[in-house]
Protein chains: 2
Amino acid sequence: MGNENLVFEKYLQSKGLKLTQPRKIILNAAFATHEHFDVDGLYDQIRKKQKDVSRATIYRTIPLLVEAGLIKQSLRCLAKDHYEHIYGHGRHLHLICEKCGKIIEVESKETENILNKLAKKHNFNIKEFNVGAKGICNKCQK
Amino acid sequence: MGNENLVFEKYLQSKGLKLTQPRKIILNAAFATHEHFDVDGLYDQIRKKQKDVSRATIYRTIPLLVEAGLIKQSLRCLAKDHYEHIYGHGRHLHLICEKCGKIIEVESKETENILNKLAKKHNFNIKEFNVGAKGICNKCQK
DNA sequence: TTCATTCTGAGAATAAATCTCATTCTCAAT
DNA sequence: ATTGAGAATGAGATTTATTCTCAGAATGAA
Ligand SMILES: [Mn+2]
Ligand SMILES: [Mn+2]
Ligand SMILES: [Zn+2]
Ligand SMILES: [Zn+2]
């Protein structure tokens, strides 16, 4: 339990927006797990906790969390957008198994350094890394 | 004009499928440009050439081209799946401008080597690399 | 309280992608 | 050349994630 709440509140204030109850609930749900998540996942999780937030509000809140630098759009599985929180969670790349859907997270400063170098060569200002590979995981190879 | 036709035909034969006229037209359209493309892009391009292929057939043919190793799913822009051909086109990574949508393609054996190393450590068998970054391009920084 | 603004939920609307199905094509066997 | 079985196609219906609309509720400063 970091201080995502504080970060979010600060961001909302800076935009003249309010940290309401639904927004708190959604923020909490997004940080309740270290797994990637989608809108329906959040919705179900929130409903299990007797809370009540509409899907519309979740869809409206996610861009705010992204803008605040708390979460990022991650992968797209089963035709749905997926997200993951980034605040308090080191950058990493993804190895995604095409068979079972397993996601392996790996840290790699090296790839970042290389990308930074290439970006500099093109005068490109990187905001978000997006590194990964698809293939077959250990178990599924048998 | 490589021999994508031959590759596609071989693949289709191996699956008991046929290289029909619509499939030829779609294949050609996919290789007519080195830009990334989406279904509507192909559809418009084909219609401009007086040809006629339904969207349904394009949607049905794309997975075949992917399976044949001729194209790959690339980016997702404006809520649409995008693709790019890979046959006869060296692997590369993408620097995508969030402002103007410009896509800079850069080669980098280094990142591949690193990813291969990381994959080996996890007994992961890589099929497709997916490397890039989002940010602001040279021009849009002013 | 008042008042202006922001938020919210419910449901309608949008649109990419998939599916259905009747018809047409393909091609190997006769 | 004819036939027949399976494959392919186009048109339109369907699905479904996401966005939009709008009427009412909450917020908070004055
Ligand atoms: Mn992750
Ligand atoms: Mn490319
Ligand atoms: Zn697996
Ligand atoms: Zn740009």
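Residue numbering restarts at 1 for every chain, and letters A, B, ... go by the order of the sequence lines.
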| said: Over 60° means perpendicular and under 30° means parallel, so tell me whether A:Tyr11 and A:Phe8 are parallel, tilted or perpendicular. | reply: parallel

| Quick one: A:Leu78 CG to D:dT15 P, roughly how many Å, whole number? | 18 Å

| request: For B:Glu9 and D:dA7, give me the distance from atom CD to atom P, rounded to whole Å. | output: 18 Å

| said: I need the NZ-P distance between B:Lys24 and D:dT9, as an integer number of Å. | reply: 12 Å

| query | A:Lys15 NZ to D:dT27 P: how many Å, rounded? | reply | 23 Å

| query | Side chain of A:Tyr59: nearest nucleotide among D:dT18, C:dA10, D:dG12? | reply | D:dT18

| Whole-Å distance separating the CG atom of B:Asp38 from the P atom of C:dA16 | 9 Å

| query | Is it true that B:Arg91 and B:Glu107 make a salt bridge, defined as a side-chain N closer than 4.0 Å to a carboxylate O? | reply | no

| field | Residues A:Lys80, A:Asp40; criterion salt bridge (Lys or Arg N to Asp or Glu O under 4.0 Å); working and verdict | value | CA-CA 9 Å; A:Lys80 291 180 184 180; A:Asp40 273 2; 3.6 Å; yes

| Of the options B:His82, B:His85, B:Glu105, which is the one that meets B:His36 in a side-chain hydrogen bond (donor to acceptor under 3.5 Å, both in side chains)? | B:Glu105

| base_contact_polar (D:dG10 base, B:Arg60 side chain, donor-acceptor, <3.5 Å) | yes

| remark: Taken to the nearest whole Å, NZ/A:Lys80 to C1'/D:dT18 is 12 Å

| request: Give the nucleotide from the list D:dT9, C:dG9, C:dC7 with an atom nearest to the side chain of A:Lys18. | output: C:dC7

| remark: Side-chain atoms of A:Thr20 come closest, of C:dC7, C:dA16, D:dT19, to C:dC7

| query | Which part of the nucleic acid, if any, lies within reach of B:Asp52 when heavy atoms closer than 4.0 Å are counted: base, sugar-phosphate only, or nothing? | reply | sugar-phosphate

| Between B:Lys127 and A:Glu98, is there a side-chain N and carboxylate O pair less than 4.0 Å apart? | no

| message | With a cut-off of less than 4.0 Å, is there a side-chain N or O of B:Thr57 near OP1 or OP2 of D:dG10? | response | yes

| query | To the nearest angstrom, how far is B:His82 atom NE2 from C:dA17 atom C1'? | reply | 14 Å

| C:dT18 C1' sits how many Å from B:Ile58 CD1, rounded? | 15 Å

| task | Mind checking A:Asp81 for me? I need base, sugar-phosphate or nothing, with any heavy atom below 4.0 Å counting as a touch. | result | sugar-phosphate

| query | Which nucleotide in the list D:dA8, D:dC20, C:dC7 gets nearest to the side chain of B:Leu17? | reply | D:dA8

| Out of C:dT8, D:dA8, D:dT18, whichever nucleotide has its closest atom nearest the side chain of A:Arg23 | C:dT8

